[in-house]
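First up is the structure itself, then whatever we jot down about it.
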Amino acid sequence: MSKHSGETSAAELELAGLQGGAVKLGEPELATLAARLSGTMLRAGEDGWDNAVALWNGMAARQPALVLSPHTARDIATVLAFAREHQLRLSIKGGGHNIAGTCIAERGVMLDMSHWREITVDARAQLAHVGAGCLLKDVDHATQQHGLATVLGFVSEVGVAGLTLGGGLGYLTRRFGWTVDNLEEVEIVTADGALRTANRDENADLFWALRGGGGNFGVVTRLTFRLHPVGPAVYGGLIAWPFARADEILARYRALTSEAPPELSVWLMLFRAPPAPFVPAAWHGERICAMAVCYSGDLQRTEQVLAPIRALGEPIFDLLQERPYTELQSYLDCTEPKGNHYYWKTEYTEELSDALLSTWRDLAAECPIPEAELGILHLAGAHNQRDADDGAVGNRNARFALGALGMWEPHEPRAAEFRQWVRDAWGRFRPFSCGNYVNFQTADEGEERIRESYGENLARLSAVKQSYDPENIFRSNRNIRGAGS
Ligand SMILES: Cc1cc2nc3c(=O)[nH]c(=O)nc-3n(C[C@H](O)[C@H](O)[C@H](O)COP(=O)(O)OP(=O)(O)OC[C@H]3O[C@@H](n4cnc5c(N)ncnc54)[C@H](O)[C@@H]3O)c2cc1C
């Protein structure tokens, strides 16, 4: 039996308890668990530990007490039973990219799903069956072999499970909706240890909740996505102009996004130019207005579709060209190196009013963080055409995402000032919000933000949570229990 108080002997391991406090486990209990698993158990200092606990956001770093890598659904059920028996904190790791670091509970048990990387593409049925540990690049590469794709995000190292369970958005959102609008089925081990299939007919309430409700309902083992013909060549990349032209470029962006066909997705970014080879030396460190572009339609029409962008003339650099879709999907990877400190604030908005655009220009002009971005992402399209309660994800009125994204190195002396600047900037664009994306919330965002994310869908989400996870075993996430009660 585990002990809940008293001293820790050399052979005991102290873990975080589900209800707070510490739980001490002795060598025999740990050995019994290890013997029951076909997968592996790691403790701090063992081979593979550092890699297993590494997070994308160095600011969110923390240490679990145990890392368990299940090989089978039965392993997962064994770990869940063990965690319940000993009342242990549990977390689930996919791609390790959640900015709040939710995949690790301090001193908890971390279920490492990153080895579940199997993918099967059924090209004829236009479906992909994806292991829960896959990264976005795994899926894009497998589906593009058949000229197919589903809606996935902009950085290829992000985990598919975390992205999908929170809703999911990317260059194809305007055409095909949120990622969860393309989700056909989920296989999941719920808190009671049962392996369940959830789709529109089977466990339909659970399926509804999984379409945006995050990691609140169990350990997902497989996701099935609807695929669409995309690429394999698309047109896109990055193009930039001087920040001195910000007013003109912001106005053109608004005009462009009001008319753009759904195949065109443009992300406006205001930031300081990096010292990259494609940036003329005179512009290194200078403020610029850039557009990250993806046009996934008929390539014969590229010139016509991109005319409003090209009409802006005289770019500092123009990297727009035909390229493989998979290349565009990893094009921004180098802008988000693993281990740096990241602090973001994001909102959805319905329209780009004059007041919002001038606020955006002012914030970019004032931003003291050398590596920060003020971004506006155009999302309007397919997802707006569905009902507000079509899946838990909500935010069906969002037409743009706004983000103040700060990045700095781990020992940056001005870190506190930078973080405060992002918070203050947020205060200035929050009035334009019509909702927010649960997957972009930082660790310091509380329950009211979860409520804002789900809106009217929260009550139903809480009811599903209560029936599948009454003890709130799955709480290392944007937790529905606190927000919904
Ligand atoms: C650089 C960067 C770029 C991003 N770009 C986009 C983008 O373009 N579009 C977009 O929609 N989002 C984007 N995101 C946000 C991203 O969707 C979330 O950070 C997401 O949580 C990452 O998932 P993960 O599996 O990598 O994270 P992890 O930190 O491993 O997991 C996050 C949470 O997901 C849940 N989870 C993961 N795996 C499972 C599982 N098998 N079963 C049950 N629950 C699970 C758990 O609750 C876990 O705490 C981006 C994030 C970063 C850091």
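Every number for a ligand or one of its atoms is a count from 1 in the order of the listing. Position 1 is the first residue of the sequence, and the numbers go up from there. Keep in mind that what you see is a predicted model, and the values were worked out from it rather than measured.
- Applying the ring-ring contact (aromatic ring centres under 6.0 Å, His included) test to pairs two or more places apart or on separate chains, those with a residue in residues 171-201 are Phe154-Tyr171, Phe176-His228, Trp178-Tyr348, Trp178-His383.
- Sorted by chain and number, the residues within 4.0 Å of ligand 1 by heavy atom are Trp56, Ile92, Lys93, Gly94, Gly95, Gly96, His97, Asn98, Thr102, Cys103, Met113, Ala132, Gly153, Phe154, Val155, Val158, Gly159, Ala161, Gly162, Leu163, Leu165, Gly168, Leu169, Gly215, Gly218, Val219, Val220, Glu336, Trp344, Tyr437, Asn439, Phe440, Ser476, Asn477.
- Remark: Arg449 CZ is packed, more than 12 non-hydrogen atoms of other residues, nucleotides or ligands lying under 6.0 Å away.
- No more than 12 heavy atoms of other residues, nucleotides or ligands shown are found within 6.0 angstrom of CD on Glu118.
- In this structure, the ring of Trp344 has its center less than 6.0 angstrom from the ring center of Trp56.
- The minimum heavy-atom distance linking Leu55 with Lys338 is given by the pair O-CG, 4.0 Å.
- Around atom CD of Gln420, more than 12 heavy atoms belonging to other residues, nucleotides or ligands sit under 6.0 Å away.
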